Structures are given as C-alpha cells and as structure tokens.
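Quick notes on the structure that follows.
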Amino acid sequence: MIAPATFPRAARLLKPQDFARLRRISRHVGTRHFSAEVAANEQGGPRLGLAISKRVSKSAVRRNRIKRIARDHFRRTRAELPAVDILLIARSSADQEDNASLRAELVRLWQRIAAFNEAVH
RNA sequence: GGAGCCGGCCAAGCAGCCGCGUCACGCUUUGCGUGCCGAGGAAAGUCCGGGCUCCACAGGGCAAGGUGCCAGGUAACGCCUGGGCGGCGCGAGCCGACGGAAAGUGCAACAGAAAGCAAACCGCCGAACGGCAUCGCAAGAUGUGCGUGGCAAGGGUGAAACGGUGCGGUAAGAGCGCACCGCGCGCGGGGCCAACGCCGCGUGGCACGGCAAACCCCACCUGGAGCAAGACCAAAUAGGGGAGCUAUGACGUGGCCCGCGUCGCUCCCGGGUUGGAUGCUUGAGCCCUGCGGCGACGCAGGGCCUAGAGGAAUGGCUGCUCACGACAGAACCCGGCUUACCGGCCGGCUCCCACU
C-alpha cells in the first residue's frame, strides 16, 4: 500500500483505549529529544499519538510547534513506516531545538522504530 | 523642527507546493473530489460581573465575604461616563479603597516634658501667700527667685504638639479683648438633583489632633455548584442476597440554626458500564446612516453571518521583498479589570525653539 502524504484520522490514535492498549504492550524507543512507545497494530498502517506535556513548555504556542513538526513529519514519511502504533513523547530539551533539528531527530527515531520492528518479526 | 499628552487602528507582506478542520455541493459513499471559511488584542491571569444549566425553587435569623464621595449608563459589576474634593504637572493632562473618629474599644516605634486630658525640659514672671536680707519705733517699703506659685510667648523633639498675623492688654502671658484671615454651626442663593462649599447673611472665641487596607458602626450587594453543568439515543447489565438495629432516627442542605421536603435505617457481597449524538455558537452580535444626550449610552432604519475542535484543526517547506517581524494559541458564551508586547499608522491637543 502506497499512502499519499496525507494525515487522515485513520492514521491517528484517537481513543483512550488505543493509548491504554499501546502502553500495555509497547516497547520503548528513544533519542535525545524524543522518546516513543511503539507496538505493532492490525490496522495495515502506522498510527501516531502525541504526548507533549506542560513540563516541556508552559507556553501552548511552543508545545504546538513541536506537535506540528511531528505531525507534518509523520504525514510525509508514514508510507515508509511499518504498521505500528507510536506514542511520541517529547522530552523537555525538545523545546530548545529549532524545526530543522527536530526533523532530523525524527528521522533518526523513525530508523530505530523500523529496526525495532524488523527485530520483532 | 523638538519634547510630550489623549483617543482609535494594525500586528510583516506576496507567490508556489504539500497538509489539517467545520460546512455546502457532487460522486463510484468505512471514502474521494470541488468550493467557502478557519485564533487574539490580549485567545493569557482566572480577579470581578452576568447569561445558560442542574441542585426537593432558594423563606427568616445569625455568621462570613464584598463594595464604599455624588449623579448617571448598563443585563450586571469592584466597569464606564460626567461632576465634586484632594494631590502631581508650566501645560495638554494624570493619579486617588475618597462613608463615619462629638457610639464604643484600641494603636502610635524612635525622639520628646508631654501623643489626648491635658501636661511643662529649657524658658518667661515676681502679681498673691510664706521665708530670708536691708531700711523703718511701727504700719510697711525695697530687694531676693528660696518655698508655695503664675504662664505657654520663644527654644527644642517628632509624621503629628489644642488656629494665623497685628494691635491692645499683663508681673509675665493667654481669644483675655479687638480687627482681618481661617474654622465650626444655622439660614438663603448656586450647583437643573446630589456630592460640594463658589457667594451672601447671621452666629460661636474655637468646644471637634491622627489612624477605620485596626476592631467596629452605617448603607447596599451575595443560595450552592459548574459545559467533565445538564439533557438525549442505542446496546449490555442490574433492579438481588446475607446479617443486624430501631424510629425524640437518617438524608436532602457545602458555614450554623429555624423552617421546608423525602424516607425505615446500618454493615458486608454484587452492580453502578460502554458507545453515539446534543449542549456548540445568531449573540446584552458586528458594520453603516439618522435622531436624542456634554458623555458613557439609548432609540429608529438598512445591511452582514464572522472558528467551532474534541488525543484536540487553523500548519510545514521553498523563493522574493522590507522598516527583519514582539507578546502569545479559541475549548459554553458575553461585559470588564489586570498583566505581557518588536514596532507602525491615523486624528485631536499642550509646551519649547526657529521663521514669516
């Protein structure tokens, strides 16, 4: 399946049950500014959930920036990802990085998720 | 031209590509396509005021909290407008919890004699009574500031010390007397009412120091919880079992009491769930014009629809331009206040300088 670079609702974690299930069975993958809870799903494609707490920044504007970068990167690259659920958690250091370096971080994170998925199968 | 005051407005712009959300339309309808629209002046802090919703309709008393010059505006307000008073500024203007201290209680560091009823450290006085000295036969006179005393002008302390200036007066002094000023009280005028104390008249020698963001008094206001409020649909589940106690008992009721309403009650086990959709944006709405009003604002007519998410959209990248871009992200909705903020534009006004 070759998905376009879109971000439909089917590619998001929407319900509390989705998050609860993921936390129950997930494995942890991390980089310098992000960490992620990852687990295979039965949806036929990757799904993303975001957790940017107020510990990262008290400013809603600055938290939104991180979320938007993450979403945008996900929609561009989700065709390359395996069918996994990802709960992306920002570390407080992410607030200090500019957009370009956040994207570079996400590229690294995606590589580790792919490698992790290879190892499971 | 420079410095400044007030009011209003904007919040980098343009293009391309890739995305996200609501709505409308269409289609081959778990989706796709096209089109429109898509954060703020503060969306923020959650400090006030309302709408809306539910709480066995909210009645009385006490408590608690809030507000506090006057009038008006408003759905309401702790907001706004106008006025008064006080303070600051040359000025345009700005700032002010600004009711009551002749109802009570209380407070005032340090300094100072004394902080509220009067009192007296330095000081001033020698009138009165007494002492002493001198003179005198005596009565007494003079002197002395020693005792009892008189005084509060001057000095000094303080944030604050029981009106000010002058003349008279006196032993020295003192509203002790008088003139003017100030102050209190009363009456009249003014302020369209009022706060106020601008003017006039009368009256009182002046009796009333400060603090009420100290208690307090007075006047007015406040029922509680909040959209995870609440109401709806569908499916599933349950509406039961055991033990004990006894109605001057328990609960509703989130300050307390009364009142009102409901019901047998307590403990243990079991159950009290999940999803969808609603509330959700048309509203004390916005923009023009006219009329009334100093103004806040009101009335009338016409026009407009301007985010509505729900693990949460409103974005990312690239290029160009310039004055190189601040504070900051809607979550039920309004009206305010407060706080944050790179800069820019418009209008009105003040002061200074120069020129004509």
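These figures come from a predicted structure and were not determined experimentally. Within every chain, numbering begins at 1; the chains are lettered A, B, ... in the order of the sequence lines, protein sequences first and strands thereafter.
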For the pair made of [atom1] in [X] and [atom2] in [N], what is the distance, rounded to whole Å?
X: A:Lys58; N: B:rC327; atom1: NZ; atom2: C1'; answer: 17 Å
X: A:Arg76; N: B:rC20; atom1: CZ; atom2: C1'; answer: 13 Å
X: A:Phe7; N: B:rG19; atom1: CZ; atom2: P; answer: 13 Å
X: A:Leu13; N: B:rA312; atom1: CG; atom2: C1'; answer: 13 Å
X: A:Leu50; N: B:rA312; atom1: CG; atom2: C1'; answer: 11 Å
X: A:Lys67; N: B:rU314; atom1: NZ; atom2: P; answer: 10 Å
X: A:Phe74; N: B:rC20; atom1: CZ; atom2: P; answer: 12 Å
X: A:Leu48; N: B:rC20; atom1: CG; atom2: P; answer: 14 Å

(message) Counting only side-chain heavy atoms from C-beta out, which of B:rA330, B:rA328, B:rG316 sits nearest to A:Asn99?
(response)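 The listed nucleotide nearest to A:Asn99's side chain is B:rG316.
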(message) From C-beta outward on A:Arg75, which listed nucleotide comes closest to its side chain: B:rG329, B:rU314, B:rG315?
(response)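 The answer is B:rG315, which lies nearest to the side chain.
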(message) Using a distance-only criterion (donor-acceptor N/O pair, under 3.5 Å, no hydrogens), is the base of B:rG329 paired with the side chain of A:Arg68?
(response) yes
(request) Check if the side chain of A:Asn64 and the base of B:rG329 share a donor-acceptor pair of N or O atoms closer than 3.5 Å. (result)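 Side chain to base: pair present.
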Heavy-atom closest pair, residues [X] and [Y]:
X: A:Ala39; Y: A:Ser26; result: CB-CA, 4.0 Å
X: A:Arg91; Y: A:Gly30; result: NH2-CA, 4.1 Å
X: A:Leu22; Y: A:Val38; result: CD1-C, 4.0 Å
X: A:Arg63; Y: A:Ser57; result: NH1-O, 2.7 Å
X: A:Phe7; Y: A:Arg75; result: CB-CB, 3.7 Å
X: A:Leu48; Y: A:Arg71; result: CD2-CA, 4.3 Å

With both distances under 3.5 angstrom, what nucleotide forms a Watson-Crick or G-U wobble pair with [N]?
N: B:rC94; value: B:rG87
N: B:rA152; value: none
N: B:rG177; value: B:rC167
N: B:rC299; value: B:rG290
N: B:rU306; value: none
N: B:rC36; value: none
N: B:rU142; value: B:rA133
N: B:rC187; value: B:rG200

Indicate syn or anti for [N], taking the glycosidic torsion and treating anything within 90° of 0 as syn.
N: B:rG41; answer: syn
N: B:rU306; answer: syn
N: B:rA109; answer: anti
N: B:rA113; answer: anti

(message) Heavy atoms only, 4.0 Å cut-off, all strands: where does A:Arg62 land among base, sugar-phosphate and nothing?
(response)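 Touches nothing.
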(message) Counting the atoms with a prime plus P, OP1 and OP2 as sugar-phosphate, which does A:Arg103 contact under 4.0 Å by heavy atoms, base, sugar-phosphate, or nothing?
(response)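 Here A:Arg103 touches the backbone only, sparing every base.
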Using the [atom1] atom as the point on both nucleotides, what is the distance between [M] and [N], in whole Å?
N: B:rA75; M: B:rC85; atom1: C1'; answer: 32 Å
N: B:rA44; M: B:rC32; atom1: C1'; answer: 41 Å
N: B:rU105; M: B:rA212; atom1: C1'; answer: 12 Å
N: B:rG19; M: B:rA331; atom1: C1'; answer: 23 Å
N: B:rC48; M: B:rG65; atom1: C1'; answer: 14 Å
N: B:rG226; M: B:rC27; atom1: C1'; answer: 46 Å
N: B:rG210; M: B:rA102; atom1: P; answer: 8 Å
N: B:rC257; M: B:rA309; atom1: C1'; answer: 50 Å

(message) Taking the basic N atoms (NZ, or NE/NH1/NH2) and the acidic carboxylate oxygens, is any pair closer than 4.0 Å for A:Arg68 and A:Asp72?
(response) no
(request) Between A:Leu87 and A:Ala100, name the one whose nearest nucleotide on RNA chain B is closer to the 5' end. (result) A:Leu87
(message) Nearest 0.5 Å, please: how far is CD in A:Glu105 from OG1 in A:Thr31?
(response)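 Between atom OG1 of A:Thr31 and atom CD of A:Glu105 there are 4.0 Å.
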